[in-house]
Structures are given as C-alpha cells and as structure tokens.
Novice: 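Supplied in structure tokens, the structure appears directly below.
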There are 2 protein chains.
Amino acid sequence: MSDAAGTRRGRSAEGRAEVRRELVAAAAGLFADHGYDETTVDDIATAAGVGRRTFFRYFRGKEDALSPDHELGLARIAEVFAGAHPTEPLLPLVLRAAETVFDLYLDDVEVARSRFRLVRDVPALRDREAASVHHYRRLFTRELTARLAGVPDGELRAAVSAAAIVAAHNQALRRWLADGGRLADVDACRGHFRRVAPMLPLEPDDAGLEDVTRRLERAANALEGRQDGRSERRTG
Amino acid sequence: MSDAAGTRRGRSAEGRAEVRRELVAAAAGLFADHGYDETTVDDIATAAGVGRRTFFRYFRGKEDALSPDHELGLARIAEVFAGAHPTEPLLPLVLRAAETVFDLYLDDVEVARSRFRLVRDVPALRDREAASVHHYRRLFTRELTARLAGVPDGELRAAVSAAAIVAAHNQALRRWLADGGRLADVDACRGHFRRVAPMLPLEPDDAGLEDVTRRLERAANALEGRQDGRSERRTG
DNA sequence: CACCGTAACGGCACTGCGTGCCACAAGCAA
DNA sequence: TTGCTTGTGGCACGCAGTGCCGTTACGGTG
C-alpha cells in the first residue's frame with residue numbers, strides 16, 4: 001500500500017485528479033453496497049488506497065464525496081450569467097443557465113441514478129441535497145435581483161422566479177431519474193422543464209408592469225396551445 | 001444542582017415543558033453570547049441545569065435547539081390543508097396555510113430576530129435552515145399535487161407553485177426581520193407576500209387550461225393596478 | 001407504612017466526524 | 001549536496017450523538 005502511494009506522490013496535477021476519482025468511485029461503491037451510514041470515511045479512504053487524513057484534503061466531509069459536482073454546477077451557471085449581455089432578455093438567459101446543469105447529470109447516467117436513489121432514501125443526504133438546491137436558488141436569486149434593480153418588487157419577483165426555476169428544474173430531473181433515466185427521455189425532460197418557464201414573473205429590462213401583462217398573456221397562450229400535443233413540440 | 005433536579009423530577013408533563021424552555025433559552029443565550037460553533041452541548045445542558053444526556057432526550061441535536069418550532073409549523077400547515085374542503089379554491093387556501101407560519105414568528109419577535117442573525121451568519125445553520133425550508137416546500141408540493149390530480153402537468157405546476165409560495169413567504173419574512181422586525185411592518189410584509197400569489201399557476205379544480213388564461217390575466221391586472229400605490233392598499 | 005413498577009435523569013463508554021499538528025517522502029532549484 | 005515546496009500518513013484531540021445501566025422520585029397497591 002505504501003507502494004501505490006509512493007508511485008503517486010510525484011504527479012501534482014494529474015495525481016490529485018486521479019486520487020479524487022478513486023475516492024469518488026470508492027465512496028459510490030461502498031455507499032451502494034453497504035449503505036451510507038454504515039460506510040465510514042476510513043472505509044472509503046482504505047478502499048481508495050489513501051489515508052483517512054487525505055480524504056479530508058479532497059472533500060470537506062463524507063457527504064461531499066457523493067456529489068462532488070455541486071460547486072462545478074454553480075460555477076457554470078455563474079459563467080452563463082457573467083457571459084450574458086446586461087440587456088439580454090431574462091427568460092432565455094435563465095433557461096440557458098438552468099439547462100447547463102442537465103449536462104452534469106448526462107456525463108454518467110448510472111452514477112446519477114445511483115446517487116438519486118441514495119439521496120432519496122437517506123435523510124441526512126436529503127438535507128444535504130436541500131442545502132445544495134438552496135445554493136442554486138440563491139445564485140439565481142442574486143443574479144435576477146441584480147438584473148431586476150429598479151423594477152417594482154424586483155427582489156420579490158427575483159426570489160419567486162428563482163425558486164420556480166430551480167423547482168421546475170429539479171422536478172424535471174427527478175422525474176427523469178425516477179422513471180428510469182434513459183437518454184431518450186432527456187428531450188422530454190427538457191421540454192417538461194421549459195414548459196413552466198413562460199409563466200414566470202420575469203422582466204427583460206426595467207420595462208414596467210405593462211409588459212408583465214403581455215408576458216403573462218403569452219405564457220397563458222403557450223399553455224393553452226400545447227394542451228394536447230406533448231411530444232410534437234420539437235417540430236414546431 | 002441536584003437540588004433543582006430533585007424538585008423537578010416529579011412533574012411529568014409540566015416538568016418536561018419547563019426543562020425544554022430552559023434548554024431553548026440557555027441555547028439562545030449562549031449562541032448569542034459566544035457564537036454557535038463555540039457553544040457545546042455540554043455548555044447548554046449545564047446552563048439549563050441538566051445533564052448532557054438529557055439534552056439529547058429533548059432535541060435530536062444541537063441545531064434543533066435553535067428552532068424548535070419547525071415541526072409545529074409543519075403541523076399547522078397540514079392542519080389547514082386537512083380542514084379545507086376538497087373543492088376549495090387553491091389560491092386562498094395556500095395563502096391561508098402559508099400565513100399560518102407568520103404567527104409563529106410573532107410570538108416573540110426578539111427571539112426571531114436573534115435567530116435570523118444567527119442563521120444568516122453561521123454556514124451550518126444556513127444549511128439547516130435550507131433543509132427546513134425544503135420540508136415546507138415538500139409539504140406544499142404534496143398537498144398541491146394531491147389537489148391537482150388529473151390536471152395536465154399537475155405535478156410540475158404543484159412543484160413550481162409550492163416553491164414560489166415558500167420563496168415569497170421567506171422573502172417577506174426575511175425582509176421584515178432584516179429591516180428591524182417591528183410589529184407595524186407585519187401588515188406590509190403580509191401584503192408583500194400576497195402580492196406574488198396571484199401569478200401562480202394554480203388551478204382550483206380540474207377546470208382546464210382555459211382558466212389559467214383568465215387567472216393569469218387577473219394576476220397581471222392586479223399587478224398593473226398597484227403600480228404606484230404602496231401603502232394605500234389597506235383602505236381599498 | 002412497605003413494596004414494586006414506571007418514568008425521567010445522570011453518568012459512563014463508545015463510535016465516528018472533522019481538525020490541528022508533526023514527521024516523512026518526492027520533486028525541483030541552486 | 002542542501003534547501004524549499006508540496007502532498008501524504010499518522011497521531012491525538014474535541015465534540016456530536018447513541019447505547020447502556022444505575023439511581024432517584026413518583027404513583028399505585030397491599
């Protein structure tokens with residue numbers, strides 16, 4: 001065991017990523033096999049071939065080893081917002097930012113499904129997931145608040161829109177993972193998600209409340225329009 | 001100290017409630033004075049005049065001692081939903097349920113403000129609060145999903161509406177607590193909260209999507225109507 | 001009054017998480 | 001070689017939370 005550690009000691013960049021992957025894989029395997037609470041950090045570290053102390057140099061705690069992409073998702077969303085024009089309409093911008101997170105789950109579907117089951121069943125992980133979702137919501141709220149400055153009830157509208165966006169996103173993701181998580185359903189999931197977006201109280205500029213009326217009417221029309229057709233929307 | 005414990009040993013119902021209050025008060029005081037992380041469970045138990053083991057017989061953990069009203073709030077909301085007619089329109093019902101939680105904070109404003117500052121500053125408590133909010137959201141989602149059965153996109157609409165309701169409620173509460181938390185502002189806070197409600201995608205029955213159009217138009221009109229008047233709404 | 005069942009409490013010990021500290025090994029530069 | 005940096009492992013510590021058991025007060029029963 002000091003053998004494997006010795007051969008890895010040198011590489012600073014590649015070695016760290018490799019150790020991290022091994023720790024994530026070990027944690028996922030042990031969690032799936034013996035459960036979350038029954039798996040100790042010592043078990044994960046030993047399975048990955050490193051010391052217990054090293055584990056905490058890669059993850060803040062045992063829970064972080066399960067979903068290590070959380071901060072990456074936050075960074076990507078922030079990137080989308082940072083790369084957008086200040087006058088860009090908010091609705092497509094928010095959609096683009098939210099859909100960015102979908103790609104993180106598409107990287108390895110099997111791991112995502114395994115994580116989903118685990119988070120659904122273990123209370124401690126449910127709370128952790130809730131905190132994670134809270135961070136996404138906070139980020140959206142911050143960005144929307146900054147872009148809704150000057151608009152009446154801007155903060156309130158930003159908070160509501162952010163919560164609705166994140167909830168719709170999670171609902172779509174949850175349904176996709178619970179129903180099997182086949183890749184063919186990703187489009188349906190995304191459509192499922194986009195469906196709610198037009199009914200959000202978002203303002204592209206400091207236009208005023210008259211534009212909300214038009215936007216809400218458009219959203220209502222969109223809802224009315226796809227009352228029967230479900231998978232036909234990709235052709236329109 | 002074995003003196004006070006001895007006199008309390010007898011009363012089973014009154015004694016438990018008293019010990020619980022003492023523990024909550026001790027925890028609040030120690031958290032405010034020395035910080036959350038610097039306060040151990042031993043400190044709280046000692047300050048309350050009980051043993052450390054007893055603390056864990058009253059609270060699941062250190063974090064629960066800060067906001068012991070959480071489950072009570074959930075119970076009250078569930079009570080509102082349970083006492084409503086199945087055909088009752090959802091919008092006023094949801095409003096009534098959400099506003100029930102306001103009363104919990106009005107019982108002792110000073111404690112609420114102290115808790116607010118603490119939760120805002122300590123990361124561990126922020127996550128705990130996020131999990132708590134998540135439970136509220138889940139409860140609303142469950143109730144709305146049951147009442148939107150049969151409606152197209154019922155689950156999605158329930159999830160979005162629940163998230164929006166809870167977000168609006170928290171936004172109003174947060175602003176109230178951050179701005180000083182004077183009792184005179186409670187009405188403004190409640191109006192602040194009610195303002196978003198009409199734009200939610202809620203359905204009173206299995207009416208269909210045509211009614212959404214009307215509802216959204218009404219919401220837009222309501223928004224347009226109060227564009228300038230802010231505190232005049234109590235007279236109209 | 002004496003006896004016993006129950007319930008709450010306190011103390012003890014234990015597991016496990018997370019952290020601080022220190023020694024050691026490998027690579028790099030002078 | 002010597003010195004510096006970086007990553008690592010081990011050790012010890014504080015603390016959260018739990019299981020277990022002895023103790024103590026109360027209420028009922030004879």
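In what follows, every chain begins at residue 1, and chains take the letters A, B, ... in the order their sequences are listed. All values derive from a computational prediction rather than experimental measurement.
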Novice: Salt bridge or not between B/R126 and B/D121? Use side-chain N to carboxylate O under 4.0 Å.
Specialist: no
Novice: When we call it a touch if two heavy atoms are under 4.0 Å apart, what does B/Y58 touch: a base, just sugar-phosphate, or nothing?
Specialist: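 Sugar-phosphate only.
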Novice: With distance as the sole test, does B/S161 use its side chain to make a donor-acceptor pair with the main-chain N or O of B/A158 at under 3.5 Å?
Specialist: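 Not confirmed, B/S161 side chain does not pair with B/A158 backbone.
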Novice: I want to confirm an ordering. Mapping A/F56 and A/E38 to their closest nucleotides on DNA chain C, which one lands closer to the 5' end?
Specialist: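 Nearest-nucleotide comparison on DNA chain C picks A/E38.
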Novice: Which residue lies toward the 5' end of DNA chain D, B/R57 or B/E63, if each is placed at its nearest nucleotide?
Specialist: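 Here B/E63 is the residue nearer the 5' end.
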Novice: Let's test your reading of the model: under 3.5 Å, does the base of C/dG18 pair with the side chain of A/R52 as donor and acceptor?
Specialist: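 When only heavy-atom distances are counted, A/R52 does reach the base of C/dG18 through a donor-acceptor pair under 3.5 Å.
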Novice: Rounded to whole angstroms, how far apart are CZ on B/R20 and P on C/dA8?
Specialist: 14 Å
Novice: Short question: side chain of A/K62, backbone of A/I44 - any donor-acceptor pair under 3.5 Å?
Specialist: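 Flag not set: sc A/K62 to bb A/I44 has no pair under 3.5 Å.
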Novice: Rounded to whole Å, please give me the gap between CZ in A/R128 and P in C/dC17.
Specialist: 14 Å
Novice: Does the cation-pi check pass for B/R16 over B/Y58, that is, NZ or CZ under 6.0 Å from the six-membered ring centre and within 45° of its axis?
Specialist: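 Pair B/R16/B/Y58 counts as cation-pi.
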Novice: Using whole Å, what does the distance between atom P of nucleotide D/dC11 and atom CZ of A/F55 come to?
Specialist: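 One finds 20 Å between P of D/dC11 and CZ of A/F55, rounded.
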Novice: Is A/R16 near enough to D/dT8 that one of its side-chain N or O atoms lies under 4.0 angstrom from OP1 or OP2?
Specialist: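 For D/dT8, OP1/OP2 do have a side-chain N/O of A/R16 under 4.0 Å.
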Novice: Taking atom P of C/dC17 as reference, at what distance in whole Å does atom CZ of A/F59 sit?
Specialist: 15 Å
Novice: Is any side-chain N or O of B/R53 under 3.5 Å from a base N or O of D/dG19, one able to act as donor and the other as acceptor?
Specialist: yes
Novice: Rounding to an integer number of Å, can you tell me how far A/E18 CD sits from D/dT8 C1'?
Specialist: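 Rounded to whole Å, this separation is 15 Å.
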Novice: Rounding to a whole Å, what distance do you find between B/K62:NZ and D/dC15:C1'?
Specialist: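 Taking NZ of B/K62 and C1' of D/dC15, I get 8 Å after rounding.
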